[in-house]
Protein chains: 2
Amino acid sequence: MNRRPATMNDVAKRAGVSQRTVSNVVNNHVYVSEKTRQKVLRAIKELGYRPNVIAQGLRTGQTKIIALAVPNVAWPYYGEIAHAVQTEARANGLTVLMLETDAELEKEQQVLNLFGSNLIDGIIFSAVRLRAEDLRDLPASTPVVLIGHHQAGASRPNLLADVNRAAQDLVEHLYQRGARSFLLQGSTSTPMTSGPGLSRQAGFVAGLEGLGSPEVTWEMLPSGWTYREGFDALREWLTDHRPPDAVICMNDIMAIGAIRALADAGIRVPDDVLVTGWDNTRESSFMVPSLTTIGLDKAELARRAVAYLLAEKAGKRNFPEKEFVPHELLVRESTGGQQD
Amino acid sequence: MNRRPATMNDVAKRAGVSQRTVSNVVNNHVYVSEKTRQKVLRAIKELGYRPNVIAQGLRTGQTKIIALAVPNVAWPYYGEIAHAVQTEARANGLTVLMLETDAELEKEQQVLNLFGSNLIDGIIFSAVRLRAEDLRDLPASTPVVLIGHHQAGASRPNLLADVNRAAQDLVEHLYQRGARSFLLQGSTSTPMTSGPGLSRQAGFVAGLEGLGSPEVTWEMLPSGWTYREGFDALREWLTDHRPPDAVICMNDIMAIGAIRALADAGIRVPDDVLVTGWDNTRESSFMVPSLTTIGLDKAELARRAVAYLLAEKAGKRNFPEKEFVPHELLVRESTGGQQD
DNA sequence: CTGAAAGCGCTAACAG
DNA sequence: CTGTTAGCGCTTTCAG
């Protein structure tokens, strides 16, 4: 009982019309007489016909599949992005192919290679390592939108937060809360160091310098961007340093690791040390203490990213290379605010 | 400059061989003389040829794409599962299509419909609402593997933890720590109530009854399975109840919400109340207090799920309907253990 | 408004 | 070992 699935031809035969007519009905392409239409629809139902999207794809050159490439969906931030993209894609009749890059250049390049295979109509790419030249080799007709910080010259639309502005707001907030000595955690010599890493770090440094206060000092603490690495890095650091007034972490999960390290050392947050994250992952508002962080409108990001892809497909190609998505500073308990 | 991508035919012409030979080289199908092979490879490189996977898919009926369907990848547990599946899929030359169901029956059924469209070779399905009959309507040739608890009779392999065993271990652990009154949070009347919800709840009830102690009492607290709902439900409950000895939450994120609610009420964990989660999401070991939970070997789950799909494709179909994946009880600070 | 037919790029008989 | 060729299921041009 291994019945081959019904094809359009089967439907045509059964309905006593031509394949062309079935196609017209399925895609309600041109006007079809109501009688014929009903005949065809009945045949479709009787045979349980479903269009073969692969055949459609071969014929039309479009698959209605978009790829989402991120370092790792198990990271809450990327999981939330993936959810937003998936939701938006579905609303536009697209399906999402999930690609992980582990923040490795080679895997990021492999993602671009996918284009050659005609599988996808576009990519929403949270690239970390990719250089401008990698993008430039692509045929101009391949829709790519970069999300999160990426260096200039990519000649592709790039959706991101106004990092400098956000970093500045955060630093000023900490300064107002009395912080004068800062530890910047998660900056250098890790996989995430290229795009977002460097840019957030640069933003913070600019913000700190912008304070123009001679009392203000800061130090860098290299660290990977995971819970574990955030924890390890700060624990290690605390063995031979006294706590700063504030620990600025490059993302939320690292901050959670850092807070854990502080707790183990008997240092209270925010009483002894202020701590901040970045990304506003869901957990950051429910943990104890809740975490001060920078939040990006992820749904809006996804909306615009998908819209770009669709627009590019439709032939429009006049996009600003860089476009800001709204962000906000969320002041919570880890810097003396309230849970929200 | 809108050059059409090179086809296999272009390569054949350039190399001065037939398409057949190119195909043989690309798929190293049969033996090809070294000289010819080199000629072909050069032509491929010169033209930048990449096989069109859609055409391959149409011809072979296989796309090497598998779907992963989960309620919501923004939930840490599903994000971690997605990561594990993605990793395993890549290792087997497969790509992953990501589908979200929001734990709604209708969307779960839509996922199954995807099969009709010939897009995917199989589905790894974390179904929550789907009933056995939904699965039964499928052609027998459609590889589906269910992950997480699903009711019986699905006639598809189902990979899951030994829920009863895990629940029993957890309950006994709490009992040993002195808990006599229990609150079971997250059980009834929510989207997650069907599959996993009911099964965990049943496991806990069985475990509590199994204690055989007349002192033991318990109560149900309905709650959604999110941070927010976990928080709201317990906060509300605490307004007119005195705290139990232990709050057993159906998953980790709900537990995090619950702990937050306890903290707001000035109730200490684990000093005043013990709290447990389920899933061993990454954050659960770094939060303060770290969370006692049930951990499933997600990488192993993904490995077996992909292996099933591959095996089914290869024609083997003798799978146990239900198969346990290793799990463990992780005793952490929220029940008086250590961080790990 | 509908039919006939070409062909998207590839794989795999079938011949040689 | 390699060439010829027939489709996979669909969309769409061209006629009618």
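Each chain gets a letter, A, B and so on, in the order the sequences are listed, and its residues count up from 1. All values below come from the heavy atoms of this structure, side chains included, with hydrogens, waters and symmetry mates left out. This is a predicted model, so every value here is computed, not measured.
Between A/T36 and C/dC1 there is no side-chain N or O to OP1 or OP2 distance below 4.0 Å. Side-chain nitrogen and oxygen atoms of B/S18 include at least one within less than 4.0 Å of the OP1 or OP2 phosphate oxygen of D/dG3.
Rounded to 10 degrees, the angle between the two end axes of the helix from C/dC1-D/dG16 to C/dG16-D/dC1 is 40°, with five pairs used at each end.
Distance CD (B/E34) to C1' (D/dT2): 16 Å, rounded to an integer number of Å. In this structure, B/Q62 places its CD atom 10 Å from P of C/dA12, rounding to the nearest Å. In this entry the distance linking NZ of A/K13 with P of C/dA4 reads 12 Å, nearest Å.
Judged as a ring pair (Phe, Tyr, Trp, His ring centres under 6.0 Å), and not counting sequence neighbours, B/Y49 has no contacts. Under the side-chain hydrogen bond (donor to acceptor under 3.5 Å, both in side chains) criterion, B/E133 pairs with no residue, sequence neighbours left out. By the side-chain hydrogen bond (donor to acceptor under 3.5 Å, both in side chains) test, B/E108 is found to be paired with no residue, residues two or more places apart in sequence or in another chain being considered. Not counting sequence neighbours, the partners of A/N158 by the side-chain contact (heavy atoms from CB on, under 4.5 Å) test are A/L146, A/H150, A/L160. Remark: A/E80 engages A/K298 in a side-chain hydrogen bond (donor to acceptor under 3.5 Å, both in side chains) (not counting sequence neighbours). Contacts of B/E300 classified as side-chain hydrogen bond (donor to acceptor under 3.5 Å, both in side chains), with partners at least two apart in sequence or in another chain: B/R303, B/R304.
The list of side chain to side chain donor-acceptor pair (under 3.5 Å) pairs with a residue in residues 85-99 of chain A, not counting sequence neighbours, reads A/E88-A/N92, A/R90-B/Q110.
Here the rule is side chain to side chain contact (heavy atoms under 4.5 Å, CB included) with B/V111, and of B/V70, B/I123, B/I120 only B/I123 fits it.
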Reading 5' to 3' through nucleotides 9-16 of chain D, protein heavy-atom contacts under 4.0 Å coded B for base, S for sugar-phosphate only, - for none
BBBBBB--
